[in-house]
Structures are given as structure tokens and as C-alpha cells.
Amino acid sequence: MPIVKTKDGVEIFYKDWGTGQPIVFSHGWPLSADDWDAQLLFFLNKGYRVVAHDRRGHGRSTQVADGHDMDHYADDLAAVVAHLDLKDAIHIGHSTGGGEVVHYIARHGESRVSKAAIISAVPPLMVQTPANPNGLPKKVFDDFQVALAANRSQFYRDVASGPFYNYNKTGKPAEATIANWWRQSMMGGAKAHYDGIVAFSQTDFTDDLKKITVPVLVMHSEDDQIVPYVAAGPLSAKLLKNSTFKSYKGFPHGMPTTEAETINADLLAFLNS
């Protein structure tokens, strides 16, 4: 398998297809690079080089016990970029991956980056604080950890069949989509996923967003049940120096999968702008 070994000995699995300008995809919690299938094939066929990795502890990467925080996530992404010597890269992140992309650019600089896009992303901060009153109460995330520890398989099934794709609202669940979400999640490690809940919910990306100068497309649905719109997309767009904001109605958190045709077209338009 194609892997890159990080400074602390973690093996990160990645996919690297095609030639041309590279697009690097960072997936959401608790999934894998496979969650980008619809985007990888679309942009590969548009002449781009597409790269996607499994975050440490996720998918086919090492199920290490520690390092499940945004600093390590960003450094692991940097290791993949350096290993493949990617230049003029476009970084696209979904959910937790959006936080990873933002932190990577702020932490490692823009010398290898041309543009970025964050979709249904966790920045600037998910958890509720006095300065972030519209965030979700910490108890929500504490309860996620309790449910994961008690029965990870059932918890993942419940998330995929309910709020992640808004199937609890539409009443039209797609069994194959639910099964694929569950499959990806169960490939990863319980410890990585448990710790990852803290990483995606309690990391404050405000300063990171302010540092970024490359063009960034921010995409968020007003009907996102996982990362509340009011505390996420619009705020990130305001903090970024060079942002384009695109909002959606009726789309779920997992819109790159269920609304791939629209999301891919909007991403392509941004890349060509």
C-alpha cells in the first residue's frame, strides 16, 4: 500500500491518482479517504491529480494510541504533501477535514498551496463558550464519547442513518450510503475516534483562519445537523482574508456524497475562477 511514515512512526495511507495540478482531500470524522470517491473520480476525469489520505487512526493508517489532535493531523498532512512533493496544490476538507486543512495552511504556510475549500467544516469552533454562544454544549460531545465507548458499531449506524445525511428528516434513507459510512468508520480505531471528538469540537481555529491569505471557498448548508450553520461557515468566511461563501438549503452535513453533482460543480467553478 502507498504509505508515508511520519516523524513519530505513524504510517499514513494515501491515494495518488492522475497528473496535473494536485487537489488534496481531507476527510471527515470518523471516515477515510474513501468518503471522497465521488470527488476523486470527478476531478480525476477533469485532468487533476487527486490525492486523499486516511487520517492517523482512521481507515488503513496506523491505529496508534496518541497524537489525535489538530497539530498532529496538520503535520501528517504536511508529511503527505512533502513526500509527494506537491506544489500549487488545492486543499479541500470536509467537516473535521476542513479544520485539518485550515490548521495545516496556518501552521505550515502557503508556499505549496494555491487555493482551498472547506465544506460543512468545523471551524471556527464547534463547542459552546462565552465567546461562541451559538456553539453546541460540551455535553453533546461528551455524550458522543459515551455512546462510542458503549457500542461504537451501533453509534455509527445511528449517526449515518440519522443526522449525518438528514435521513431522519427526509425519511428516505439510502441503505448503501449508510453501510458505506459504517464500513469506513469501523475500519478505524476506537481510540482515535474517541479522542478525535475532542479534537474536532474543542479546537479553536479563529487565529488560523485569520492567517490564511490564499483564496478559500467556504460551503455550508443551513440544514446541517452535525456542524451548526450559525456557528460555522458564515463566521469562517468573515475571518478569512480572501473568502467566497456559498450556502445551501436542504442539504445535509454529508452533502459531498448525497449532493455530489452540485458540490462538484461548485468546486470546479471555484477552481476555474
Side-chain angles (χ1 to χ4, degrees), residues 6-8 10 12-13 24-33 35 52-59 61-80 91-108 116 118-129 131-132 135-149 152 155-156 159 163-164 181 184-209 211-212 224 226-228 231-233 235-236 239 253-254:
T6 67
K7 291 178 181 178
D8 58 342
V10 177
I12 302 294
F13 168 85
V24 186
F25 294 89
S26 292
H27 65 78
W29 175 97
L31 304 168
S32 74
D35 201 46
H53 68 290
D54 290 353
R55 188 170 297 121
R56 64 169 57 209
H58 296 60
S61 294
T62 309
Q63 290 196 16
V64 67
D66 52 16
H68 307 297
D69 55 72
M70 282 294 163
D71 285 353
H72 281 88
Y73 295 169
D75 292 351
D76 293 350
L77 176 54
V80 172
H91 283 267
I92 300 177
H94 174 246
S95 194
T96 298
E100 178 178 288
V101 165
V102 165
H103 198 54
Y104 159 75
I105 297 173
R107 185 174 171 87
H108 291 274
I118 57 174
I119 309 169
S120 312
V122 298
L125 176 63
M126 275 197 77
V127 74
Q128 187 179 69
T129 66
N132 188 42
L136 293 172
K138 184 174 179 293
K139 185 179 185 303
V140 171
F141 305 108
D142 293 343
D143 289 347
F144 281 2
Q145 289 185 310
V146 170
L148 186 153
R152 187 165 68 117
F155 174 54
Y156 292 162
V159 172
F164 200 91
W181 200 97
Q184 290 179 70
S185 303
M186 293 305 292
M187 284 172 66
K191 180 63 161 59
H193 295 170
Y194 186 90
D195 292 353
I197 292 169
V198 173
F200 75 66
S201 67
Q202 295 186 32
T203 302
D204 189 339
F205 299 94
T206 300
D207 289 341
D208 290 341
L209 291 161
K211 291 178 184 176
I212 297 171
D224 190 322
I226 302 294
V227 180
L235 298 183
S236 290
L239 289 164
H253 181 68

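Note: hydrogens, waters and symmetry copies are ignored here, and every other heavy atom, side chains too, is used.
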Would you say that Ile197 contacts Trp29 through its side chain, given a criterion of any heavy-atom pair below 4.5 Å between the two side chains?
yes

Report yes if some heavy atom in the side chain of Pro123 is under 4.5 Å from a heavy atom in the side chain of Asp208; otherwise report no.
no

With sequence neighbours left out, write down each residue that passes ring-ring contact (aromatic ring centres under 6.0 Å, His included) with Tyr73, or none if nothing qualifies.
none

With a 4.5 Å limit on heavy-atom distance, are the side chains of Met126 and Pro228 in contact?
yes

Residue pair Ser61 / Gly57: nearest heavy atoms and the distance that separates them
CB-N, 4.3 Å

Does Val159 form a side chain to side chain contact (heavy atoms under 4.5 Å, CB included) with Trp181? I'd like the steps, not just the answer.
CA-CA 9 Å; Val159 172; Trp181 200 97; 3.7 Å; yes

Looking only at heavy atoms, the pair that brings Ala116 and Val101 closest together is CB-CG1, 4.2 Å

Side chains of His72 and Val64: closer than 4.5 Å at any heavy-atom pair?
no

Evaluate ring-ring contact (aromatic ring centres under 6.0 Å, His included) for His68 paired with His193, printing each intermediate quantity in order.
CA-CA 8 Å; His68 307 297; His193 295 170; 8.7 Å; no

Distance col, row His58:NE2 vs His27:NE2, nearest 0.5 angstrom, shows 5.5 Å

Leu148 versus Ala190, closest heavy-atom pair with distance
CD2-O, 3.9 Å

From CA spacing to verdict: ring-ring contact (aromatic ring centres under 6.0 Å, His included), His108, His103
CA-CA 8 Å; His108 291 274; His103 198 54; 8.4 Å; no

First locate atom CG of Asn132, then atom OG1 of Thr206, and finally report the distance between them rounded to the nearest 0.5 Å.
7.5 Å

Spacing of Thr6 atom OG1 and Asp75 atom CG [to the nearest 0.5 Å]
9.0 Å

Mind checking side-chain hydrogen bond (donor to acceptor under 3.5 Å, both in side chains) for Asp195 and listing every partner two or more places apart, or none if nothing turns up?
Lys191

Hey, could you give me the CD1/CG distance between Ile212 and Asp207, rounded to the nearest 0.5 Å?
11.5 Å

For a quick test of reading the model, state the closest non-hydrogen atom pair linking Pro137 to Val127 and the distance between them.
C-CG2, 4.5 Å

Does Met70 reach the side chain of Val102, with side-chain heavy atoms less than 4.5 Å apart?
no

His253 vs His94 aromatic rings, parallel, tilted or perpendicular, using cut-offs 30° and 60°?
tilted

Smallest heavy-atom separation, Phe155 atom then Ala147 atom, equals CD1-CB, 3.6 Å

Those residues that, when tested against His53, pass ring-ring contact (aromatic ring centres under 6.0 Å, His included) (two or more places apart):
none

Val24 and Leu77: CA distance, side-chain angles, deciding distance, side chain to side chain contact (heavy atoms under 4.5 Å, CB included) verdict
CA-CA 9 Å; Val24 186; Leu77 176 54; 3.8 Å; yes

Measure across Phe205 and Gly99 and return the closest heavy-atom pair with its distance rounded to 0.1 Å.
CE2-O, 3.3 Å

Nearest 0.5 Å, what's the OH-OG distance between Tyr156 and Ser185?
6.0 Å

Between Lys139 and Asp143, does a salt bridge (Lys or Arg N to Asp or Glu O under 4.0 Å) hold up when you go through it step by step?
CA-CA 6 Å; Lys139 185 179 185 303; Asp143 289 347; 2.8 Å; yes

Distance (rounded to the nearest 0.5 Å) between Asp54 CG and Gln184 CD
8.5 Å

Are Asp76 and Arg55 close enough that some pair of their side-chain heavy atoms sits under 4.5 Å apart?
no

Would a 4.5 Å heavy-atom cut-off, applied to side chains only, mark Ser95 and Val122 as touching?
yes

Side chains of Ser120 and Val227 in contact at under 4.5 Å (non-hydrogen atoms):
no

